[in-house]
Amino acid sequence: MLDIQFIRDNPELVQRKTEEKGYKNINIAELLRLDEQRRGLLTEVEDLRAQRNILTAEMKGQKPSPEQIEQGKKLRERVTEGETKLRELDGQYWLALKAVPNVSLDIVPVGASEDENVVIRTYGEKPEFDFTPKNHWEIAEAKGWLDKERAAKIAGNRFVYLKGDLVLLEFALWQHGLNTLTNPEKLRAIITGAGLQNVSDKPFTPVLPPAMARTEVYQATGRLNKEEQTYKIEGEDLWLNASAEHTLSPMYIDEILPEVELPIRLVGYTTAFRREAGTYGKDTEGFLRLHQFNKLEMESFTTAETSFEEHLFLVAIQEHLMQTLGLHHQVLEKCTADIGLPNVKGVDLNVWLPGQGQYRETHTADYITDYQARPMKTRVRRTDGTIELVHTNDATAFSQRPLIAIIENFQTPEGDVIVPEVLRPYMGGRERI
RNA sequence: GGAGAGAUGGCAGAGUGGUCGAAUGCGCCGGACUCGAAAUCCGGUAUACAGUUUUACUGUAUCGAGGGUUCGAAUCCCUCUCUCUCCGCCA
């Protein structure tokens, strides 16, 4: 949610930025009309309440006269009438306000679709094979690592049984991610490597968060605008999370955090559930796009001045993690159409998949400023006593997708997979599986 | 799942229809005393929104959340959430 005062002060800017993101049906002038009406009515209602309070104070401990009671009744009627109108107007106003996307930074490329994302860095090169590389699902199925038929029998399409060494490899990935993010020395090296000397080297706190959240919480995070993506628990006011971010970012809802506690850095592991409505027939092979997958997610709460560098830091971590696996990838500055409603900027990492001959997204980093903190009322009390909204950043540490990249990039002619060196300690030292 | 108790400011804890945004204590901030500190004393110490004479003042709202009764609700009623105790069940 944007600051209404900011919209009042910059209506043209907000309208333009909204359109650049591809939101064609949002009318800022209309929102400001609602805002003005609402404030006018609010003043009226508050005046009536003030009159009522004065009348009540007059009565104090003594018995009210019939005239006073009569006057009070009239006032109550008018207050109730005003409040009813205000509630209706309020509903329209908040709906309109929440629909306004965050204002993208000027450095974000303007584009109409993800095709206009800009490659800003590339790591490594496409590996050469003296045989025809296979798809990850061909290898995984041959190895007995992937069973989709039985999963379909049990839960339907887009579910899998992952088995055997691939499961060990997945757990190795989580271990590698957690060990990196909880180690200040490694974080310092990443900070130095990225030229971000001012960034704190405070380690991430590992978290196993709830995998469900109430409607109220989901709405506050501004992430339930996609009900076609999120599973609802029948008979309960609960939704299955589509990312650890959904239960990490609202952790400090309604709280004022002391500045000394910032930055708060969390790395949460959870299973994510997505309905993937509207993607029928897309990416049905293998385990690239599932209804259920696991993910290690980073979440940061910082002050306003440090949030941009925090975002760059999270991206640097993502690049570092993929580099330690030796996977060729591109870093993309996402364009206005692709960064999403709450973002002012966003970065994707796309990894090369030789078995499919294309790049696919493994990581995303969202720079959100105070857009989520505002409805969540997550604030910081600065050392000088002033209270401000915190800034939030979230970014993927690892999902299961890098496993796909490992299988396809490090496959052998025999159909084995070479284990990346950094994962071997978690694989009993094995070099290939 | 059943029975009961409860939720008040940073914390503890008064308050059962009327000057209650809320006693008191602790904590915190400022001041006095002191060479300094402790102790003591004095003063201050919530958040959000709106308005204005816009670094200050005024108004409104907030006593878990939402709704209701009433001239008037922290206080009465209803619904929900959470916490605690006991029973049952379970990892």
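Atom set for the values below is all heavy atoms of this structure, side chains included, hydrogens, waters and symmetry mates excluded.
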Tell me if the aromatic rings of A:W174 and A:Y269 count as close, with their centers under 6.0 Å from one another. yes

Result for 5'-nearest mapping on RNA chain B, choosing between A:L42 and A:R87, is A:L42

Checking N1-N3 plus N6-O4 or O6-N4 for Watson-Crick, or N1-O2 and O6-N3 for wobble, each under 3.5 Å, the partner of B:G6 is B:C82

B:G1 -> Watson-Crick or G-U wobble partner, both distances under 3.5 Å, gives B:C87

Re B:U47: Watson-Crick or G-U wobble partner, both distances kept under 3.5 Å, found to be B:A61

(message) Please determine whether the number of non-hydrogen atoms from other residues, nucleotides or ligands lying under 6.0 Å from atom CG of A:D106 exceeds 12.
(response) no

| message | Give me the distance, rounded to whole Å, that separates B:A5 from B:C78 when you measure between the P atoms they each carry. | response | 13 Å

Testing B:A61, B:C71, B:A48 for proximity to the side chain of A:I387, the answer is B:A48

Comparing A:I256 with A:I4, nearest RNA chain B nucleotide closer to 5' gives the residue A:I256

message = I'd like the P distance from B:U58 over to B:U45, given in whole Å.
response = 13 Å

A:E77 atom CD is separated from B:U70 atom C1', nearest whole Å, by 13 Å

Could you measure between the two P atoms, the one in B:U85 and the one in B:G18, and give it in whole Å?
34 Å

*Hey, does A:R8 reach any base, or is it just sugar-phosphate, or nothing, if we go heavy atoms under 4.0 Å?*
sugar-phosphate

B:U47 to B:G10 separation - C1' atoms, rounded to the nearest Å: 13 Å

Rounded to whole Å, the CZ-P distance (A:R76 to B:U70) equals 5 Å

Pairing partner of B:G36, by Watson-Crick or G-U wobble and under 3.5 Å for both distances, is none

Requested in this report: Could you measure between the two C1' atoms, the one in B:A65 and the one in B:A74, and give it in whole Å?
Outcome: 15 Å

- prompt: Is there a donor in the side chain of A:E170 and an acceptor in the side chain of A:N294, or the other way round, less than 3.5 Å apart?
  reply: yes

Here the distance between atom C1' of B:G66 and atom CG of A:D90, to the nearest Å, is 15 Å

Item to check | Side-chain (A:R430) to main-chain (A:R424) donor-acceptor, under 3.5 angstrom | outcome: no

note: A:E216, atom CD; B:U81, atom C1'; distance rounded to Å ~ 9 Å

note: A:D254, atom CG; B:A46, atom C1'; distance rounded to Å ~ 14 Å

When rounded to whole Å, the CZ to C1' distance for the pair A:R214 and B:A65 reads 10 Å

Q: Taking atom C1' in both B:C84 and B:G64, compute the distance separating them and give it to the nearest angstrom.
A: 15 Å

- Item | Pairwise C1' distance, B:C20 and B:G72 [rounded to whole Å] | 13 Å

For B:G9 and B:G4, measure between their P atoms and round to the nearest Å.
-> 27 Å

- Taking A:N102 for the side chain and A:I368 for the main chain, is one N or O donor matched with an acceptor at less than 3.5 Å? yes

Any side-chain N or O of A:R52 below 4.0 angstrom from OP1/OP2 of B:G18?
no

Notebook entry, point to check: With distance as the sole criterion, is a donor-acceptor pair present between the side chains of A:S399 and A:T396 under 3.5 Å?
Noted result: no

_Heavy-atom donor-acceptor pair, A:N343 side chain to A:G346 backbone, under 3.5 Å_ = no

- Task: Hey, can you tell me if A:H311 and A:Y367 have their rings parallel, tilted or perpendicular (30° and 60° cut-offs)?
- Result: parallel

Applying the 3.5 Å cut-off to both distances, the Watson-Crick or G-U partner of B:C41 turns out to be B:G31

Is A:R49 near enough to B:U60 that one of its side-chain N or O atoms lies under 4.0 angstrom from OP1 or OP2?
no

Taken to the nearest whole Å, CG/A:D237 to P/B:U79 is 18 Å

| said: Would you say A:R39 places a side-chain N or O within less than 4.0 Å of OP1 or OP2 belonging to B:G59? | reply: no

When rounded to whole Å, the CD to C1' distance for the pair A:E70 and B:U70 reads 14 Å

Any strand, both distances under 3.5 Å, Watson-Crick or G-U wobble: B:G17 pairs with none

If the cut-off is 4.0 Å, is A:R381 near the phosphate of B:G10, judged by side-chain N/O to OP1 or OP2? no

When both distances are under 3.5 Å in a Watson-Crick or G-U wobble arrangement, the nucleotide paired with B:U24 is B:A12

Winner on side-chain proximity to A:A50, out of B:G59, B:G18, B:U47, is B:G59

* Asked: Which part of the nucleic acid, if any, lies within reach of A:D47 when heavy atoms closer than 4.0 Å are counted: base, sugar-phosphate only, or nothing?
  -> nothing

Should A:N53 be listed as having a side-chain N or O under 4.0 Å from OP1 or OP2 of B:G72?
no

Any strand, both distances under 3.5 Å, Watson-Crick or G-U wobble: B:A74 pairs with none

